[in-house]
Amino acid sequence: MSTGELLSIEPQELQFPFELKKQLSCSMQLHNKTDNHVAFKVKTTNPKKYCVRPNSGIVFPHSTCDVVVTMQAQKEAPPDMQCKDKFLLQSAVANPGTAPKDVTPELFNKESGNQVEECKLKVTYVAPPQPPSPVREGSEEGSSPRGSISDNGAVNLIDSNTAPSSFAESHEKSSEATALISKLTEEKNSAIQQSKKLHQELELLRRQGNRSNGGIPFLYVLLIGLLGLLLGYMLK
C-alpha cells in the first residue's frame, strides 16, 4: 500500500489472471487521508490496451474511491508472461467546490506551485485459478466408514468391513450344495465303472459257453440282470 501524504493506494501492483481472448479487470482503492478534497488522474504507457474508469476524479476528505482497470482481450501471450506496461497515478489538493469535470492537466502541474504526488504502479500477469479436482465416487481402501442420512435426519454409519449375515448364510448353503454334488458325481462314476465291469464279465461268460457248447446257468444270468437293474436305478 502506498502511504503518500494525500492518498493511500491499494494495491501497488495491478495483477491480471491472464487468459487469451478474454477481457480482464483489476480494481484499486484510493483513500483520502486528509481534510482536503484531492483530485486524481490515472495515466498508462499503453492507453489502447487498457480502459480506466474513472480515469480522473475527486476523492472527498477521509473517503475512498474505487478505480477499475480493464485490460482488453489479447490475441497472444507475451514472452515469459512478463508485462512491461506501467501506470502513473497523480494526486493534488483541489478546492472544495471542484467537480470531477473540472479536473484538468494544469491541476497536476508542479511548476504552478500545486502540491502534487505521483505513484507508479506495475502490471503483472498471474495464472488463472484452476477448477477444483473432481471427487471420485466411492470410498477407497483404508478410508473411514461412510454414512447415510435417513428421512428423519439421523446419520447412519456404515462400516465397510462388516459383512451382512445373509451373505454368510448363503455362502454356507452354497458350500453344502457343492459338497453334495461332488459326492453324487463320485458315486455315479463308480457305478459306471461297475456296470462296465459287469458287462465285460457277462460277455466273457457268453464266449466260454459257446466254446463248450453249453448254456449259461439261469441263476447266474438272473443275478447279472438284477445287478444291471440296480445300477440303472443308481444312475438316474
Side-chain angles (χ1 to χ4, degrees), residues 11 13 15-27 71 73-83 124-236:
E13 190 175 73
Q15 295 184 348
F16 294 91
F18 187 85
E19 294 185 53
L20 290 176
K21 301 180 180 180
K22 187 174 181 180
Q23 184 173 284
L24 305 169
S25 298
C26 179
S27 62
M71 183 178 68
Q74 301 298 301
K75 296 182 180 180
E76 58 183 13
D80 301 326
M81 293 297 289
Q82 299 295 323
C83 183
T124 58
Y125 297 144
V126 295
Q130 298 295 327
S133 301
V135 179
R136 292 185 297 178
E137 296 182 357
S139 59
E140 299 181 357
E141 183 178 358
S143 61
S144 59
R146 294 185 296 174
S148 62
I149 302 178
S150 61
D151 295 337
N152 58 5
V155 178
N156 303 320
L157 291 179
I158 302 174
D159 191 347
S160 59
N161 296 326
T162 303
S165 58
S166 58
F167 175 79
E169 293 176 358
S170 61
H171 181 71
E172 182 178 356
K173 292 180 180 180
S174 176
S175 300
E176 293 177 357
T178 302
L180 180 60
I181 293 174
S182 178
K183 182 178 180 181
L184 292 176
T185 302
E186 292 179 359
E187 293 179 354
K188 180 180 178 180
N189 293 335
S190 178
I192 292 174
Q193 294 296 329
Q194 291 293 335
S195 177
K196 290 181 179 180
K197 184 176 180 180
L198 289 175
H199 280 294
Q200 291 176 356
E201 292 180 355
L202 180 59
E203 184 66 24
L204 180 59
L205 290 174
R206 287 178 179 177
R207 291 178 182 178
Q208 290 179 353
N210 292 335
R211 292 177 183 177
S212 59
N213 295 324
I216 301 175
F218 176 75
L219 182 61
Y220 190 80
V221 173
L222 181 61
L223 179 62
I224 295 300
L226 290 175
L227 289 175
L229 291 175
L230 179 61
L231 292 175
Y233 177 77
M234 293 179 63
L235 291 176
K236 291 181 178 180

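Judged purely by atom type and a 3.5 angstrom limit, Thr185 uses its side chain to pair as donor or acceptor with the backbone of Ile181.
Interatomic distance, Cys83 SG to Met71 CE, rounded to the nearest 0.5 Å: 7.5 Å. Once rounded to the nearest 0.5 Å, the distance linking CG of Leu20 with NZ of Lys75 reads 12.0 Å. Atom-to-atom distance recorded for Gln193:CD and Lys188:NZ is 12.5 Å, nearest 0.5 angstrom.
Partners of Leu180 under the side-chain contact (heavy atoms from CB on, under 4.5 Å) rule, at least two apart in sequence or in another chain, are Leu184. In this view, Ser27 and Val68 satisfy the side-chain contact (heavy atoms from CB on, under 4.5 Å) rule, not counting sequence neighbours. By the ring pair (Phe, Tyr, Trp, His ring centres under 6.0 Å) test, Tyr125 pairs with Phe18, sequence neighbours left out.
Smallest separation of non-hydrogen atoms from Thr124 and Gln15: OG1-CG, 3.2 Å. Across all non-hydrogen atoms, the minimal contact from Leu24 to Glu19 is CD1-N, 3.7 Å. The shortest heavy-atom contact between Ala127 and Pro17 is O-CB, 4.4 Å.
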